[in-house]
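Reading through the structure tokens given below for one structure.
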Amino acid sequence: MPFDTELTRRLGIAVPVVQGGMQHVGYAEMASAVSNAGGLGIITALIFPEPEGLRQEIRKCRKLTSKPFGVNITLLPALVPPNYDAYAQVIIDEGVKIVETAGNSPGPVISKLKKAGCIVLHKCTTIRHAQSAVKLGVDFLSIDGFECAGHVGESDITNFILLSKARQTLKTPFIASGGFADGQGLAAALCLGACGVNMGTRFLCTVESPIHQNIKEQIVKAQETDTTLVMRRWRNTTRLYKNKVTEQAVKVEKESKTGEFSEIAPYVSGKRGKEVFINGDPEYGVWTAGQVIGLINDIPTCKDLVARIEKEAEETLKEKIKLFTPASKL
């Protein structure tokens, strides 16, 4: 194995690449494909309306891979919050030892998981949030730059600064998340102090990704400018693929006199977003994508993608070390 980082050692994986949790995407087939390729695949817990659905998916994943995989639990504001404690209990009962957490007030869930001996990777968009997560006892931090898909936070700090700041201020090992798609990116992340990378949008555009082929082809055609930010007015800023629906949402957000979220709610419906992945119409609803879509040019299998990233990163690191010539000892 060419890579020996804190992430590969602790998680028992060959390549320091994590497939982040993705709503409507992180099923057993997706997670197992990434794990079988040498990375860490992740099932997304809240895809399943009830914890029992997650239990069955974990068991399904175990039949598809003998390699390590994890489960994502994201805690977000909701009128009727899911029973996060019950989802965490299923993870513990089923013997899953790696969990990715994200979102607001994760303390009780993280405490429960740590008591059960789980390795917790917590996603943060600021150093302040990362420091709070360290106090909760997380094992790894997933430092999520402004380039990322989905919830970007409110600070707008890109990874080039955020990762270096993490290196300067954090003692807990961290993963680079947001803007990664290839081996050159992995090599850069390692040089900036990360012990691996987290990729969402890149894995969205693979053969095993359970979304319509039209959406994968749309990602390949897209440029880095083809995303937009919505819901900043409500401090729930989210990066989405730029289409007619997001343009309408942004217009309502800017022009609303009342500032009532109900005015924008029909445009950012998760149900319509799920339909995009099923019916293949990229204009039908909102769907998350990071600026990294501008770097994605094909639809490989997870096996080919992870192998390519590993090779590119190894070659890049070897090539760059040649730029340094030790001073003469004369």
Side-chain angles (χ1 to χ4, degrees), residues 19-34 36-37 39 41-49 53 57 60-61 64 72 74 76 147-152 178-182 198-231 238-252 264-306 308:
Q19 165 245 316
M22 291 180 281
Q23 190 69 359
H24 314 311
V25 178
Y27 291 96
E29 291 84 357
M30 177 88 255
S32 62
V34 176
N36 285 332
I42 291 184
I43 295 170
T44 303
L46 296 187
I47 286 176
F48 309 97
E57 201 69 9
K60 183 178 181 180
C61 197
L64 296 173
N72 165 279
T74 299
L76 294 173
E147 306 94 327
C148 72
H151 298 279
V152 300
F180 296 96
D182 53 30
N198 178 300
M199 303 193 310
T201 306
R202 175 63 272 198
F203 279 121
L204 189 64
C205 195
T206 56
V207 170
E208 295 89 348
S209 172
I211 68 172
H212 199 285
Q213 183 69 13
N214 286 355
I215 305 304
K216 299 178 188 182
E217 292 173 2
Q218 193 71 22
I219 292 172
V220 170
K221 290 189 293 185
Q223 300 300 313
E224 62 275 12
T225 51
D226 290 333
T227 71
T228 192
L229 301 172
V230 301
M231 296 189 285
T238 304
R239 186 180 299 282
L240 303 169
Y241 176 77
K242 187 188 294 182
N243 60 15
K244 293 176 182 177
V245 181
T246 57
E247 287 176 355
Q248 290 171 328
V250 169
K251 186 174 186 293
V252 170
I264 197 177
Y267 298 101
V268 294
S269 164
K271 291 182 180 179
R272 285 181 65 176
K274 182 179 180 179
E275 278 298 312
V276 167
F277 291 159
I278 296 171
N279 66 30
D281 179 1
E283 300 290 332
Y284 183 79
V286 299
W287 50 285
T288 58
Q291 291 179 323
V292 76
I293 56 174
L295 305 180
I296 296 172
N297 303 306
D298 62 354
I299 308 170
T301 63
C302 289
K303 180 180 179 180
D304 288 345
L305 175 61
V306 173
R308 184 171 72 200

Note: C302 and A33 closest approach over all heavy atoms is CB-O, 3.8 Å
Test: D226 and R239 ion pair at under 4.0 Å = no
Determine the minimum heavy-atom distance between A181 and V292, stating which atoms define it.
-> CB-CG2, 3.5 Å
Is there a side-chain contact between Q23 and L46, using heavy atoms and a 4.5 Å cut-off?
-> yes
Donor-acceptor pair, side chain of T44 and main chain of M22, under 3.5 angstrom | yes
W287 and its side-chain contact (heavy atoms from CB on, under 4.5 Å) partner, picked from L240, I211, I215 | I215
Side-chain donor or acceptor of N243 paired with backbone N/O of V286 under 3.5 Å | no
Separation between CD of Q218 and NE2 of H212, rounded to the nearest 0.5 Å = 12.0 Å
Heavy-atom donor-acceptor pair, E57 side chain to A28 backbone, under 3.5 Å = yes
So, does S269 use its side chain to make a donor-acceptor pair with the main chain of P266 at under 3.5 Å?
-> no
Mind listing the closest non-hydrogen atom pair of V252 and Y267 along with its distance?
-> CG2-CE1, 3.7 Å
Does the side-chain contact (heavy atoms from CB on, under 4.5 Å) test come out yes or no for I278 and Y284, once each step is laid out?
-> CA-CA 11 Å; I278 296 171; Y284 183 79; over 6 Å; no
Heavy-atom closest pair, residues P210 and V25 | CG-O, 3.4 Å
Heavy-atom pair of closest approach, residues G39 and V306 | N-CG1, 4.4 Å
If only atom types and distance count, is the side chain of E147 paired as donor or acceptor with the main-chain N or O of Q291 below 3.5 Å?
-> no
Any idea how H24 and F277 line up, ring-wise: parallel (<30°), tilted (30 to 60°), or perpendicular (>60°)?
-> perpendicular
Rounding to 0.5 Å, atoms CD (Q19) and CG (L204) come to a distance of 10.0 Å
Roughly how far, to the nearest 0.5 Å, is CD of E208 from CG of N36?
-> 9.5 Å
Answer whether the closest heavy-atom distance between the side chains of K216 and S209 falls below 4.5 Å.
-> yes
Side chain proximity check, K242 to T227, heavy atoms < 4.5 angstrom = no
Is the NZ or CZ atom of R202 positioned over F180's six-membered ring, under 6.0 angstrom from the centre and within 45° of the axis?
-> no
Y241 vs I219 side-chain heavy atoms within contact, under 4.5 Å | no
Rounded distance (nearest 0.5 Å) linking atom SG of C205 with atom CG of L295 | 12.0 Å
Report the distance from atom CD1 of I293 to atom OG1 of T225, rounding to the nearest 0.5 Å.
-> 7.5 Å
Say you draw a straight line from CG of D298 to OG1 of T206; how long is it, rounded to the nearest 0.5 Å?
-> 10.5 Å
Which atom of A149 lies closest to which atom of T201, heavy atoms considered = CB-OG1, 3.8 Å
